[in-house]
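I have placed the structure first, in the form of structure tokens, so that the comments after it can refer back to it.
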Amino acid sequence: MVQTSDRAFIESELTIDVRDRAARRFDDHELKLWVHRSFEALSCYRVSGLERSESSQIKTTVTLKISHLSHTEQGILTRKDADPSMLRAFVERSFKGRGRCRCTRDPKLIEL
């Protein structure tokens, strides 16, 4: 049986194509809050390194908590031999904001 930790998180670098017209005009603080709210079940624990690249794209690093998932799902994501593409799919599927989220590097499992 796999032991899951309440302190397990998934960290990933993202590029988000923002399709929300109002969010495009936000200052950096408001945009961080928008990114935070854009993840399912408010699972975004931390947003860092926010950079605007083009008028509608941002690059950032997010840390997502997995404690809202079932123990089975947490166990699958926290396995030592977990496939990076599985973590990538989790991060990209968790994004529910108006736009498109894409991982720019393989996500990694961390404990805080």
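Just so it is clear, the structure is predicted and the values come from calculations on it, not from any experiment.
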> Looking only at heavy atoms, what is the nearest atom pair of S94 and L64, with distance?
Replying inline: CB-CD1, 4.4 Å

> Does the side chain of K59 reach to within under 4.5 Å of the side chain of E13, using non-hydrogen atoms?
Replying inline: no

>> Let me confirm one number: the CG-NE2 distance from L31 to H36, rounded to the nearest 0.5 Å.
In response: 13.5 Å

>> If we ignore hydrogens and angles and just use 3.5 Å, is the side chain of R37 paired with the main-chain N or O of L42 as donor and acceptor?
In response: no

>> Show, in sequence, the C-alpha distance, side-chain angles and deciding distance for T78 and I66, and conclude whether the side chain to side chain contact (heavy atoms under 4.5 Å, CB included) test is met.
In response: CA-CA 10 Å; T78 58; I66 61 171; 3.6 Å; yes

>> Quick one, L14 with T104, criterion side chain to side chain contact (heavy atoms under 4.5 Å, CB included). Give me CA distance, side-chain angles, the key distance, then yes/no.
In response: CA-CA 5 Å; L14 306 174; T104 54; 6.0 Å; no

>> Can you confirm whether I76 sits close enough to E73 that some side-chain heavy atom of one is under 4.5 Å from a side-chain heavy atom of the other?
In response: no

>> Using side-chain heavy atoms (C-beta onward) and a distance below 4.5 Å, is S56 in contact with D17?
In response: yes

>> With heavy-atom distances below 4.5 Å as the criterion, would you say the side chains of L87 and D106 are in contact?
In response: no

> After noting the C-alpha distance and the side-chain angles of V62 and R46, does the key distance pass the side chain to side chain contact (heavy atoms under 4.5 Å, CB included) rule?
Replying inline: CA-CA 6 Å; V62 297; R46 178 174 50 204; over 6 Å; no

>> Test your reading of the model: is there a side-chain donor-acceptor pair from Q57 to the backbone of T15, 3.5 Å cut-off?
In response: no

> Donor-acceptor pair, H68 side chain versus A41 backbone, under 3.5 Å?
Replying inline: no

> Do L33 and V35 belong to the same hydrophobic cluster, where Ile, Leu, Val, Met, Phe, Trp and Tyr are linked whenever their side-chain heavy atoms lie under 4.5 Å apart, directly or via other members?
Replying inline: no

> Could you go step by step and tell me if F39 and V47 meet the side chain to side chain contact (heavy atoms under 4.5 Å, CB included) rule?
Replying inline: CA-CA 11 Å; F39 283 91; V47 177; over 6 Å; no

>> If I compare all heavy atoms of A23 with all of V18, which pair ends up nearest, and what's the gap?
In response: CB-CG1, 3.8 Å

>> If I compare all heavy atoms of L77 with all of L109, which pair ends up nearest, and what's the gap?
In response: O-CD2, 4.2 Å

> Is a side-chain donor or acceptor of R52 paired with a backbone partner of I58 at a separation under 3.5 angstrom?
Replying inline: no

> In Å, rounded to the nearest 0.5 Å, how long is the span from CD of Q74 to NZ of K65?
Replying inline: 12.0 Å

> Judged by atom type as modelled, is there a donor-acceptor pair below 3.5 Å linking the side chain of T60 to the main-chain atoms of S48?
Replying inline: yes

> Which atom names give the shortest non-hydrogen contact between I10 and P107, and what distance separates them?
Replying inline: CG2-CB, 3.8 Å

> Taking side chain as C-beta onward, heavy atoms only, is S38 less than 4.5 Å from K96?
Replying inline: no

> What's the shortest heavy-atom distance between C103 and S12, and which atoms?
Replying inline: SG-OG, 3.3 Å

>> Can you tell me how far apart CZ (F95) and CD1 (I16) are? Round to the nearest 0.5 Å.
In response: 4.5 Å

> What distance separates R88 CZ from R102 CZ, expressed to the nearest 0.5 Å?
Replying inline: 9.0 Å

> At what distance, to the nearest 0.5 angstrom, does NZ of K108 lie from OG1 of T63?
Replying inline: 9.0 Å

>> Classify the ring geometry of F9 against Y45: parallel below 30°, tilted from 30° to 60°, perpendicular beyond 60°.
In response: tilted

